[in-house]
Amino acid sequence: MSILVVGSVAFDTIETPFGKAEKVIGGSATYFSVAASFFTDVQLVGVIGDDFTEEHLGVFRDRRIDLQGLERVRGAKTFHWSGAYGFDLNVAETRATDLNVFADFNPQLPESFRTPEVLFLANIDPELQREVLSQVERPALVALDTMNYWISSKKAELEKTIRQVDLVIINEAEVRQLTGDANLVKGARAILDLGPRTIVIKRGEYGVLMVTADRIFAVPAYPLEVVFDPTGAGDTFAGGFLGYLASGSDHSEGRLRRAIIFGSVLASYNVEAFSLNRLKEIGRAEIEARYRAFRELTEFGDYDATDVS
Ligand code: AMP
């Protein structure tokens, strides 16, 4: 099964309480593709400038990532995001968003990209997300992510895109901003009312909440002692989650739940270092080990009536 992602390939400048990184590789599609490629074939649609060199492209090499849809614009610079985190690593403060090549990006999908089983519209302009959706044959599953930048600048366009997708992956502050509801379950229901069947809410160190019309599933984040840089955690989560889902055709509740764990496992590794440095080091064995650790973390069994007499 294949998965298509459209999103940013970027340089990030990041400051956390533990260090600084200047113009390191980032971007929603970058984190997503690398995470998803542990499970399935990925087709990446995005744009870069001259400054994103062959060496930078090495991050995608030797993985199941097809770069035919990664356009290079000559004489222009790659998208650049600059952000900072305080001791509350759940809240990113955006210092600068230099759209550069993104300002005039008009994705044209190669022919071989037009029939993906799963489509992930990562965090980019909601109008561009719809443009990509219009170029593919309807996939079995379409998922979308977004961020505060688009909710404040293009809310109506974003709602229009949300009406056309099956699954929304969004963080908790964005649920509140988008729906005006302080309560996450009510906020999720308001988004379900727009049309999607499933809402996956990312809650940073508090984990993930998945809400459908009749069920709620919750998992904590893996309790790490070292969280170095949360940048990309959301996209890495989405990559693990949708990559695992796209590796089979079953999108049942049980498999969605296991996919949430795989997404959480990948995200937990990603936050251990800047950029994709930690993701580059791990393999199947690390992923499986932490999947088992998650099981242990959340297993409590049924209680026996004699326990409570
Ligand atoms: P997250 O997974 O939510 O931490 O996303 C982090 C990534 O999103 C960074 O690597 C940024 O390059 C990228 N990003 C930040 N702002 C934007 C934006 N307005 N459009 C597209 N990508 C962005």
Side-chain angles (χ1 to χ4, degrees), residues 5-16 21-36 44-49 51-52 56 59 77-85 88-103 105 107 120-129 132 143-154 157-158 161 168-175 177 200-205 208 221 227-242 263-264 266-279:
V5 54
V6 55
S8 55
V9 174
F11 287 123
D12 291 343
T13 296
I14 302 156
E15 193 172 334
T16 80
E22 272 289 319
K23 297 209 168 160
V24 289
I25 296 176
S28 52
T30 312
Y31 283 107
F32 180 90
S33 305
V34 171
L44 191 160
V45 175
V47 62
I48 50 177
D51 50 352
F52 206 93
H56 294 121
V59 70
K77 278 190 174 169
T78 300
F79 173 77
H80 174 238
W81 177 74
S82 173
Y85 304 83
D88 180 356
L89 292 166
N90 292 329
V91 185
E93 176 214 332
T94 292
R95 288 183 170 165
T97 300
D98 309 317
L99 290 178
N100 300 331
V101 284
F102 251 129
F105 182 45
F120 182 55
L121 304 167
N123 168 31
I124 52 166
D125 185 326
E127 288 184 81
L128 281 186
Q129 291 178 319
V132 169
L144 158 154
D145 188 9
T146 191
M147 74 180 295
N148 51 10
Y149 185 83
W150 305 114
I151 300 173
S152 39
S153 60
K154 292 204 170 185
E157 291 294 344
L158 175 62
T161 311
V168 174
I169 303 178
I170 185 168
N171 75 35
E172 62 177 318
E174 292 156 2
V175 172
Q177 188 189 353
V200 175
I201 304 176
K202 299 170 287 182
R203 308 188 58 221
E205 66 181 300
V208 175
V227 177
F228 194 76
D229 172 23
T231 308
D235 301 302
T236 305
F237 166 81
F241 172 64
L242 291 176
S264 306
L266 267 298
S268 75
Y269 280 116
N270 182 58
V271 301
E272 291 178 350
F274 273 131
S275 189
L276 291 97
N277 295 341
R278 189 72 180 109
L279 284 188

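In this text, all values refer to a predicted model and were calculated from it rather than measured experimentally. Just follow the structure's listing: the first ligand is 1, and inside any ligand the first atom is 1.
Of the N and O atoms on the side chains of T78 and D51, at least one donor lies less than 3.5 Å from an acceptor on the other residue.
Which parts of ligand 1 touch T231 is read off a 4.0 Å heavy-atom cut-off, strictly below it: atoms 4 (O), 6 (C), 9 (C), 10 (O).
Shown here are the salt bridge (Lys or Arg N to Asp or Glu O under 4.0 Å) partners of E205, two or more places apart in sequence or in another chain: there are none.
For atom 9 (C) of ligand 1, the nearest non-hydrogen atom of the protein is D12 OD2, 3.2 Å. In terms of protein heavy-atom proximity, atom 19 (N) of ligand 1 is nearest to M147 SD, 3.5 Å. Taking atom 21 (C) of ligand 1 as the reference point, the nearest protein heavy-atom neighbour is N123 O, 2.8 Å. Distance from atom 22 (N) of ligand 1 to its nearest protein heavy atom, with residue and atom name: S8 OG, 2.8 Å.
Counting heavy atoms under 4.0 Å from ligand 1, residue A233 touches it through the backbone alone. Counting heavy atoms closer than 4.0 Å to ligand 1, residue Y31 contributes side-chain atoms (C-beta onward) but none from N, CA, C or O. The backbone and the side chain of D235 each have at least one atom closer than 4.0 Å to an atom of ligand 1 (non-hydrogen atoms only).
Checking only distances, G27 does come within under 3.5 Å of ligand 1, N or O to N or O. An N or O contact shorter than 3.5 Å is missing between G26 and ligand 1 by distance.
Between the NE2 atom in H80 and the CZ atom in F102 there is a gap of 14.0 Å [rounded to 0.5 Å].
Between K202 and E172 there is no salt bridge, since none of the side-chain N atoms of the basic residue sits less than 4.0 Å from a carboxylate O of the acidic one.
Relative ring orientation between F274 and F228 is described as perpendicular, the plane-to-plane angle rising above 60° on a 0-90° scale split at 30° and 60°.
Counting heavy atoms only, F79 comes closest to atom 18 (C) of ligand 1 of the residues Y85, F79, F237, Y149. When the heavy atoms of G232, A10, G234, P230 are ranked by distance to atom 4 (O) of ligand 1, first place goes to G232.
Side-chain contact between I25 and L276: present, with at least one pair of heavy atoms (C-beta onward) separated by less than 4.5 Å.
The only option from T13, D12, T94 that meets the side chain to side chain donor-acceptor pair (under 3.5 Å) definition with W81 turns out to be T94.
The two atoms that bring Q129 and A122 nearest to each other are NE2-O, 2.8 Å, heavy atoms only.
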